[in-house]
Amino acid sequence: MILPLLRSAAVARDGLPAWRARSLRTTVLACAALALARPGIAQVAATPDPTVSELKKLSVEELMDIEVTSVSKQPEKLLDAASAIQVITNEDILRSGASSIPEALRLADNLDVARQNSHDWNISARGFNTDLANKLLVLVDGRTVYTPLFSGVFWDVQDYLLADLDRIEVISGPGGTLWGANAVNGVINITTKNAKDTQGGLIETGGGTDLQGFAAARYGGKLAPDVYFRVYAKYFDRANEGTARGKDATDGWNMSRGGFRIDSTASPQNPLTLQGDLYSGDEDVTTGGTGRVSGGNLLGRWTHTLAPDSDLSLQLYYDRTHLASPKPSNGFVPAGTLTDDLDTYDLDFQYRFPVGRSHRLIWGLGYRFTRDDVGNAPSLVFLPARLDQRLFSGFVQDEIALAPSLTLTLGSKLEHNDYTGVEVEPGTRLQWNFADRRMLWAAVSRAVRTPSRIDRDLQEPTGLPAPFPSSILNGGPDFRSETVVAYELGYRAELGAKLSGSLSFFFNDYDHVRSTTPAPLTATSFGFPLVFQNNLEGETHGAELSFTYQMREGWRLHGGYTLLREHLHVKPGQVDFSHGLNETADPGQQFSLRSSVDLPRNVELDSGLRWVDTLHNNNGPNPGTVPGYFELDVRLGWHPTRSLELSLVGQNLLHDHHPEYGFPGPAREEIQRSVYGKATWRF
Amino acid sequence: MAVLSATAFVRGRAARWIAAAGIAWSALLLVSPAIAQPEATREYQIKAVFLFNFAQFVDWPPAAFSDPQAPLIIGVLGDDPFGSFLDQTVRGEKVNARPLVVRRYRAVAEVDTCHILFICGSEAGRLENILASLKGRSVLTVGDMDGFAQRGGMIRFATENNRIRLRVNLAAAKAAQLTLSSKLLRPADIVEPGKD
């Protein structure tokens, strides 16, 4: 989808006035800064046409800090500001010592990131972080990366050369109005740098205990005036984690990846981007065997600027993923391998323009075709094995300047999917810049989680003969979309030059949430198969707090806290096999504190402490908990010369090993303390 | 056949949405009093403001002006990318009591009295000739084409990280008897001819 990308550009580019960004060496609260920054800029953002007289008041330095292609993206910028967004910058990622995208996502206070084992991660916002977590929409450079298999994300294959990531935006709260189905509880927007900003070479290599060995290289150059490219390749090999009993979990894996990106502004009014990636990896599985994952994508995007605040863009991509996952025998059913081949073709168009002086309109149309081809395993079956699906979508949004400090945004998405037909996702937001650098916002939005293949097409054969049930769990032929109506209230502020923060509250009202209904109980059925239905409803509420404090030049502190309360229950008169507990597995609270210090002699010391509350893990054979835990990551970096960086990173230092997810038992996998060293050379 | 009809249904729906969106949009166009006309981009709005800054932060020799109140002339040579931004920027402005005036030229031969000359990308192939014919005159040459300062232009707008950087060829400015203020030079990159 184009839109997220543009939104991304919006916050990224002019969102944070650069002079402020630099002084804080930060970002996390891009929005706070963007909406509240300097009065002059705030006004630029709030009025349809930034006036020449405002620009003329700026110094040469300030003019040089204005990003030139960004103002056209302002409508999104304002909307982004009026949401619970956190921005993780390239610098945040590199200084944290994160070695993968999921690790980098720990830097977002509004996410729950739980590592199951060496290669599987559960990531969600505002709850519902089960094995089949499905309420988060994730995009990489405008390409949707969730799988229609279960509407979740295979985090193991989402990767990039981290040095070339521009930023990760994490928005908690519904984004359905712009992004459509599955942006129920949040949106993660991963953006890579423009090829122009990654010119020259980079080589990095290193190794350690968990991340046993890795190497990556990138080279960026110029193809023609204003046409830039980069190519990159990387490889890593990760060790096995352990089990609660201290045994080797045999879940090590490796991945090779490469790609390119070309950005052209040969015609300044018609920026073009062409990019693609290929990857392939092998993953050992604890239950035996080795899985294989591979895939690739190719994306092209054209933007045409009509005026400073009007443009249109067209994006087309193709994405292919292949998965082969060994499934163990379950007694009567032999072991086998589930394969999944997914081809996605996606076309998006959007157009933005002002109407009069107080309206900014944006509308878009999208079409996506997916072909999902499953090679069924004896114990896990999707019927039909091959399914073609088409998604049509359209959206329109109007941003209305009610008064200089008051902006109302109204919009809706309209989608048509093959499972449930038309879905409507309206939303409205109000932003009030009630004082200099202080802003209140409120939003009411509806979002839907449309059925995935698992909800409709799944069968888990028992292997039992005729009078007995043939399946344990089946998709429900009538499974419908889950819905949420979310009420949000937020506050963002820059309190003086050193402290900035945001606080948001939410109340989410869910209906038609997934449940499992037993078959009629007979002498031979034992109540099986269970069938997916929509018998749950309920509410969740909570708060997200985050702040950044500049202790002094070269020392920054960042803190975050989230609170989550979930109350899901079975609808009156209906049943659920797991009594409404199946869809949640979330910590009630999380806390994090990070410190980044620049020491003398080009040495950097970064540390991140996090505390995750007890996690109630319900979607298994029997309810259980993962005990709450503290963990600590530390990075020591040294730049002996301008082009060389050496760093030493320790992760999960407080425990020899600790679980982050899964059911209590000897087989539960635990994440081990790890250390790695890295050398990066730029030329 | 059921599949076929389902597809047709979907396509029909999509077509109706597109039609509905089109109608809604047309309606908006009708009710809207003013729709922004396609115009030059934000980038050139900022570059226009830079040109205005140059008028303040560059000193011309007295001989460059016919009298103390003579206007300071900003010229645009070639296919003008500024739209109305440059005119809006300098409208009503005075620098040292001199009004600012914008002139547009199709060829360098038309450039008579001029203090700041923006040489448009359309002139890239003729840059050497243009600069040669301005030689000896106190005209601040500004451009944004690749290699502009290296090829003898005085100030190049270079876009880096989506921001405008200034690359200044100090030797060329000196040769034209122009003095650039430190306010301009401090944030600029100084370019040695031959490097850009």
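All values below were derived from every heavy atom in this structure, side-chain atoms included, with hydrogens, water molecules and symmetry-related copies excluded. Naming: A, B, ... by sequence-line order, numbering from 1 per chain.
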At a heavy-atom separation under 4.5 Å, does A/D226 approach chain B through its side chain, its backbone, both, or neither? both
Could you give the distance from CZ (B/R163) to CG (A/L63), rounded to the nearest 0.5 Å? 12.5 Å
Output the residues of residues 48-57 of chain B for which the shortest heavy-atom distance to chain A is under 4.5 Å, in residue-number order; output 'none' if no such residue exists. B/V49, B/F50, B/F52, B/N53, B/F57
Taking side chain as C-beta onward, heavy atoms only, is B/E43 less than 4.5 Å from A/P268? yes
Any residues in residues 89-121 of chain B near chain A, with a heavy-atom distance under 4.5 Å, and which are they? B/T89, B/E93
What pairs meet the salt bridge (Lys or Arg N to Asp or Glu O under 4.0 Å) rule with one or both residues in residues 131-145 of chain B, with sequence neighbours excluded? B/K47-B/D144
Compare every heavy atom of A/K222 with every heavy atom of B/D146, then report the nearest pair and how far apart it is. OD2-NZ, 3.2 Å
Please list all pairs passing the side chain to side chain donor-acceptor pair (under 3.5 Å) test where one or both residues lie in residues 57-75 of chain B, with sequence neighbours left out. none
